2 protein chains.
Amino acid sequence: MPTVSSEELATAAGVNSAKLRKDFSYLGSYGTRGVGYDVEYLVYQISRELGLTQDWPVVIVGIGNLGAALANYGGFASRGFRVAALIDADPAMAGKPVAGLPVRHTDELESIISDNGVSIGVIATPAGAAQQVCDRLVAAGVTSILNFAPTVLSVPEGVDVRKVDLSIELQILAFHEQRKAGEENAPSPVPPRSGAAVRAASENRKGPDGDVPAVMPA
Amino acid sequence: MPTVSSEELATAAGVNSAKLRKDFSYLGSYGTRGVGYDVEYLVYQISRELGLTQDWPVVIVGIGNLGAALANYGGFASRGFRVAALIDADPAMAGKPVAGLPVRHTDELESIISDNGVSIGVIATPAGAAQQVCDRLVAAGVTSILNFAPTVLSVPEGVDVRKVDLSIELQILAFHEQRKAGEENAPSPVPPRSGAAVRAASENRKGPDGDVPAVMPA
DNA sequence: GTCTGTGAATACATTCACAGCC
DNA sequence: GGCTGTGAATGTATTCACAGAC
């Protein structure tokens, strides 16, 4: 399939073709009128724009079940990510191979970061250790952090943090599940609201001090 | 702190106070003019609306590193989720305790679902097994699925699927990281675009056949 | 005076619809 | 004829600003 039309892509993605064309137009005029988009060229342009063509060395700190799962996750390599090192505070873990890499001790964190030019760090430690690890990563030069620990991290200006809360996705499913159940019998006592509330719950919004909606009780 | 104002909550959440008030107003009029919102009452109302006050039994299928990490994840209980069972296809795993629960064999999947009234399932299997597990979950009565396997699942009408791709969050960080790097020297050759493209990348949008943006190469 | 709740105003996103190019 | 790229039109979300309750 050498070319593809906006209509085909839009159908596959479940969106309106005009939206797709307008979105693509922000990246440049990569289509040909009367023909469509050259697939290979389009893939390259989008990949470049998203940063997929770059090599991104990352470190994973905290090699428990989750850290190991991340280290073994196959989807990283195809998106340009390279696991530069696995780091854990437990001396007993040091040297043990996980996903083909020897686990390194936390003592080496700073040198690993600078030797490999790492700018992205993944924190998969227990909550108690996360802020301390974060501080060390930032001090060593990391400017983007993906946080799986159930804590809100505070970081200096210029450092990006994204928090992944594995239970939030479940929360969203349960929310919809509840509505399904409610509709079976009585119509909901609350008037049908705009999609905003539902969507706000699922977005990874980023406020000044973190990205957890303040209204969600812990 | 018995009461809280929309302004305080909005500042904490990093949003505009009018938006916060308008959002709350969709749930009802739970505030008091001149005073603010009663914290306890507000927490209860929001919890109820989100389904936090209900008990949601869930099953986790696929007890590898990720499944074990999910089973051990502390955040579930406080949001009303209860891990009803851990299920794995490997007979060698059967009976082994993970996070205090004995792993059950896949053969028991159907009976576990119906005995516990499970309506939410978590798939943490390898990609190859995911669709099959999904089909069995759905046939057994599950109507919401959280999918960690790197596959798009097809499900009948009325079943909700949310896909968690652990590398997408990294992708988003890398995207911003790239822009940071680009701004240091030359201003980007591409005109600053609306936030739409960036946000689209981070939303868990749901098309008819799944929720992976079609434009993202695998 | 304070702070909510909400119409009105503004900003933003999506879709329509068609001129222009292949 | 077919399909992109994009102004114009529509639809939705956010913010303003203030009447009304405490």
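Each chain gets a letter, A, B and so on, in the order the sequences are listed, and its residues count up from 1. Computed from a prediction, not measured in an experiment: that's the story for all the values here. Note: hydrogens, waters and symmetry copies are ignored here, and every other heavy atom, side chains too, is used.
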At less than 4.0 Å, is any side-chain N or O atom of [X] found next to OP1 or OP2 of [N]? Yes or no.
| X | N | result |
| --- | --- | --- |
| A:Tyr37 | D:dG5 | yes |
| A:Lys19 | C:dT15 | no |
| B:Ser6 | C:dC3 | no |

[X] [atom1] - [N] [atom2] separation (whole Å):
| X | N | atom1 | atom2 | result |
| --- | --- | --- | --- | --- |
| A:Asn16 | D:dT6 | CG | C1' | 14 Å |
| A:Arg21 | C:dC21 | CZ | P | 16 Å |
| B:Asp23 | C:dG5 | CG | C1' | 13 Å |
| A:Leu27 | D:dG5 | CG | C1' | 13 Å |
| B:Tyr30 | D:dA21 | OH | C1' | 19 Å |
| B:Arg33 | D:dA17 | CZ | P | 19 Å |
| B:Leu20 | C:dT4 | CG | P | 9 Å |
| B:Tyr26 | C:dT4 | OH | P | 17 Å |

Original post:
If each of A:Val35 and A:Ser25 is mapped to the nucleotide of DNA chain D with the nearest heavy atom, which maps nearer the 5' terminus, i.e. the 5' end?
Top reply: A:Val35
**OP:** For a side chain to side chain contact (heavy atoms under 4.5 Å, CB included) with A:Val142, tell me which candidate from A:Ile120, A:Leu109, A:Val122, A:Ile113 qualifies.
**Re:** A:Ile113
**OP:** Please answer whether the main-chain N or O of B:Leu170 pairs with a side-chain N or O of A:Trp56 as donor and acceptor at a distance below 3.5 Å.
**Re:** no
Original post:
Is B:Arg162 close to A:Ile172 at the side-chain level, that is, under 4.5 Å between some pair of heavy atoms?
Top reply: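 Yes - at least one pair of side-chain heavy atoms lies under 4.5 Å apart.
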Subject >> Side-chain donor/acceptor of B:Lys22 to base of D:dT15, under 3.5 Å >> reply: yes
**OP:** Report the distance from atom CZ of A:Arg136 to atom OG1 of A:Thr106, rounding to the nearest 0.5 Å.
**Re:**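 Answer rounded to 0.5 Å: 6.0 Å.
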Original post:
Can you tell which of D:dT15, D:dC22, C:dT4 lies closest to the side chain of B:Ser5?
Top reply: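 Looking only at heavy atoms from C-beta outward on B:Ser5, the closest nucleotide is C:dT4.
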Original post:
Does the ring centre of A:Tyr41 sit less than 6.0 Å away from the ring centre of A:Tyr30?
Top reply: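 That pair passes the under 6.0 Å test.
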